[in-house]
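All remarks here apply to the structure that follows.
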Amino acid sequence: MAEVTNNTNSEEVVSRNFIEMEIDKDLAEGVYDHVMTRFPPEPNGYLHIGHAKSILLNYGLAKQYGGKFNLRFDDTNPTKEKNEFVESIKADVEWLGADFEDRLFYASNYFDKMYENAVKLIKKGKAYVSDLTAEEMREYRGTLTEPGKEDPARNRSVEENLQLFEDMKNGKFEDGEKTLRAKIDMNSSNINMRDPVIYRVAHMTHHNTGDKWCIYPMYDFAHPIEDAEEGITHSICTLEFEDHRPLYNWVVEECEYPHPPRQIEFAKLYLTNVVTGKRYIKKLVEDGVVDGWDDPRLVSIAALRRRGFTPESIQKFVELCGVSKANSSVDYAMLEYCIREDLKSKRPRAMGILNPVKLVIDNYPEGESEVLEADNNLENPELGKRNLTFSKELYIEADDFMEEPPKKYFRLFPGNEVRLMHAYFVTCTGCEKDENGNVTVVHCTYDPATKGGNAPDGRKVKGTIHWVDAQTAITAEVRLYENLVDEEKGVYNEDGSMNLNPNSLTVLKNCKLEASLKDAKAYESFQFVRNGFFCVDSKDSQPGKPVFNRIVSLKSSFTLPAKQ
Ligand code: ATP
Ligand code: MG
């Protein structure tokens with residue numbers, strides 16, 4: 001996507017990516033007078049962050065050029081497709097903000113057109129029915145260094161081919177017994193052009209067309225026809241299709257589409273330390289390693305949404321990634337950077353204790369409590385203020401107290417004074433321990449004159465810690481995440497299995513959160529001060545009993561790469 005600066009003169013575009021330059025050229029030369037793009041997922045799994053890039057790229061181009069954007073299910077392969085996937089894909093594309101309006105299409109609705117085009121090719125002497133088995137076909141195809149061999153049926157008459165193709169359609173052959181091949185060039189240096197199969201026999205029920213068809217088109221034949229039927233101008237796909245482009249062009253030309261679409265390839269998005277690729281995600285789901293396609297450790301769109309990512313953060317991420325012709329991996333930390341930046345001033349802060357220990361204020365009046373006011377977000381006053389209750393017994397993070405602190409530890413230890421955020425100064429007086437030596441209660445005294453967190457005599461403290469009121473706090477489950485895989489340690493084991501991080505999920509069952517979080521709704525997110533950004537889990541939360549996912553911690557050593 002183009003980099004855009006919002007300076008006051010609104011001189012906008014700074015640099016254009018190579019796809020935009022190609023489109024500009026096409027428009028200038030009159031090859032097309034408009035732009036139409038599409039996102040063509042195969043409904044055989046959930047979408048992931050890589051697909052988000054493709055969606056936002058295609059949608060963004062259509063919008064930028066005042067054109068149209070289609071969502072098209074590439075459902076020409078009846079074996080793996082499911083309605084569950086169709087529904088999830090629609091929801092994900094919408095959530096990302098790529099509005100396809102009523103421009104939703106199914107490739108399977110073009111089966112008749114594809115059949116007619118195949119017949120047209122036969123009539124032109126450009127396609128023939130083959131009797132070769134899959135194995136023979138491989139043998140005849142040749143290799144990168146050897147030319148292919150002609151199919152014995154290559155010179156069948158048009159009449160015979162028409163009859164045999166109709167017989168294929170009418171179910172007279174078993175799966176694999178016959179195929180329809182394009183008649184191109186067995187000597188081509190591009191193996192894709194050596195008479196590729198364009199139709200196969202497959203006696204299978206299709207989720208949309210039922211049992212109407214027992215022959216199905218191959219991807220390289222179907223895809224250009226789908227694009228051409230919809231009037232797509234720029235068919236944007238990933239690099240692995242580069243070698244298929246001559247075949248794409250052959251199909252739209254031989255099928256005689258008057259305004260044929262044009263294929264342009266870009267590099268796939270790869271992200272470090274995550275599992276992309278539907279096949280691998282599917283395996284993790286099927287093996288029960290993760291809790292479904294939306295497990296917050298995955299980078300499917302559904303998982304990112306459940307984890308607490310926003311569409312804006314993903315849009316920003318895709319924009320920062322840019323569009324390129326060279327494969328490379330993007331640092332996962334850049335995705336984290338984008339969500340932090342997005343939530344920082346947008347979402348309220350709250351106090352939540354992940355590993356609680358009691359703090360008792362020995363000189364605070366027994367049985368009393370008071371209400372303190374706190375800003376929801378200092379960077380964004382529009383988010384207002386909230387009330388916090390305060391009383392004699394609080395919870396603090398266990399690691400905010402140390403009986404014998406090292407140097408430069410400024411939090412609670414006997415004799416030290418710290419600030420309780422939004423509340424008072426307290427001075428630690430000691431602790432209680434259980435028989436194993438674990439601290440169970442920390443004791444302190446407070447200075448009533450420091451209400452609001454400042455001392456009237458101007459004395460300073462070096463540490464500020466967060467807390468929640470024990471009387472009103474809610475107990476909640478909080479889940480912390482690490483990456484599922486670590487590239488430095490190797491993603492795969494020698495036997496091909498995945499080398500999974502055993503610490504990818506930590507469940508904390510006894511977290512103490514401020515009372516205002518009790519009614520937080522699914523997908524709502526908060527900054528828990530000092531602990532990171534957290535989002536209410538949409539699957540496991542109960543009314544009044546939220547479960548929180550950590551989206552991302554607060555700190556990072558990540559810096560934005562310099563602009564090229
Ligand atoms: P996967 O390899 O993850 O299974 P796929 O390419 O098989 O994905 P499709 O449903 O066929 O998934 O792809 C839909 C569109 O998304 C295609 O145009 C494809 O090129 C694009 N796409 C898939 N993965 C990525 C990626 N990592 N980065 C950018 N675009 C991608
Ligand atoms: Mg695919």
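Quick caveat: nothing in here was measured; it's all calculated off a predicted structure. We count ligands from 1, going down the list as the structure has it; atoms in each ligand are counted the same way.
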For [atom], tell me which residue out of [options] has the closest non-hydrogen atom.
atom: atom 11 (O) of ligand 1; options: E42, H223, R38; result: E42
atom: atom 7 (O) of ligand 1; options: K268, R72, E265, K278; result: K278
atom: atom 21 (C) of ligand 1; options: S235, C321, S54; result: S54
atom: atom 29 (C) of ligand 1; options: A52, P43, A267, G50; result: G50

Could you tell me whether some N/O pair between [X] and ligand 1 is separated by less than 3.5 angstrom?
X: R279; result: no
X: N44; result: no
X: C237; result: no
X: E240; result: no
X: F241; result: no
X: K53; result: no

Report the part of Y270 (side chain from C-beta onward, or backbone N, CA, C, O) that has a heavy atom under 4.0 Å from ligand 1; answer both or neither where that applies.
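For Y270, there is no contact with ligand 1 at all, from either part.
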Does the distance from a Lys or Arg side-chain N to an Asp or Glu carboxylate O, for [X] and [Y], drop under 4.0 Å?
X: R72; Y: D227; result: yes
X: R297; Y: D291; result: no
X: K344; Y: E341; result: yes
X: K212; Y: D112; result: yes

So do the side chains of V485 and V274 get within less than 4.5 Å of each other, counting heavy atoms only?
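When only atoms from C-beta onward are counted, V274 and V485 do not touch, as no gap falls below 4.5 Å.
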Any side-chain heavy atom of W250 within less than 4.5 Å of one from M193?
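Side-chain contact under 4.5 Å: yes.
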Under the ring-ring contact (aromatic ring centres under 6.0 Å, His included) test, residues paired with F548 that sit two or more places apart:
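ring-ring contact (aromatic ring centres under 6.0 Å, His included) list for F548, sorted by chain: F528.
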Check each atom of ligand 1 against the heavy atoms of P41 and keep those under 4.0 Å away; list them by number with element.
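Here the atoms of ligand 1 in question are 10 (O), 14 (C).
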Heavy-atom contacts with T238 under 4.0 Å: which atoms of ligand 1 show up? List them by number with element.
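Once the distances to T238 are compared, the set is 19 (C), 20 (O), 29 (C), 30 (N), 31 (C).
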Among residues two or more places apart or on two chains, list those pairs meeting ring pair (Phe, Tyr, Trp, His ring centres under 6.0 Å) that have a residue in residues 50-80.
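Checked against ring pair (Phe, Tyr, Trp, His ring centres under 6.0 Å) - neighbours excluded - the pairs reaching residues 50-80 are H48-H51, Y59-F69, F73-Y106.
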Closest contact, heavy atoms only, V252 versus P261:
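Nearest pair, atom of V252 first, then P261: CG1-CD, 3.9 Å.
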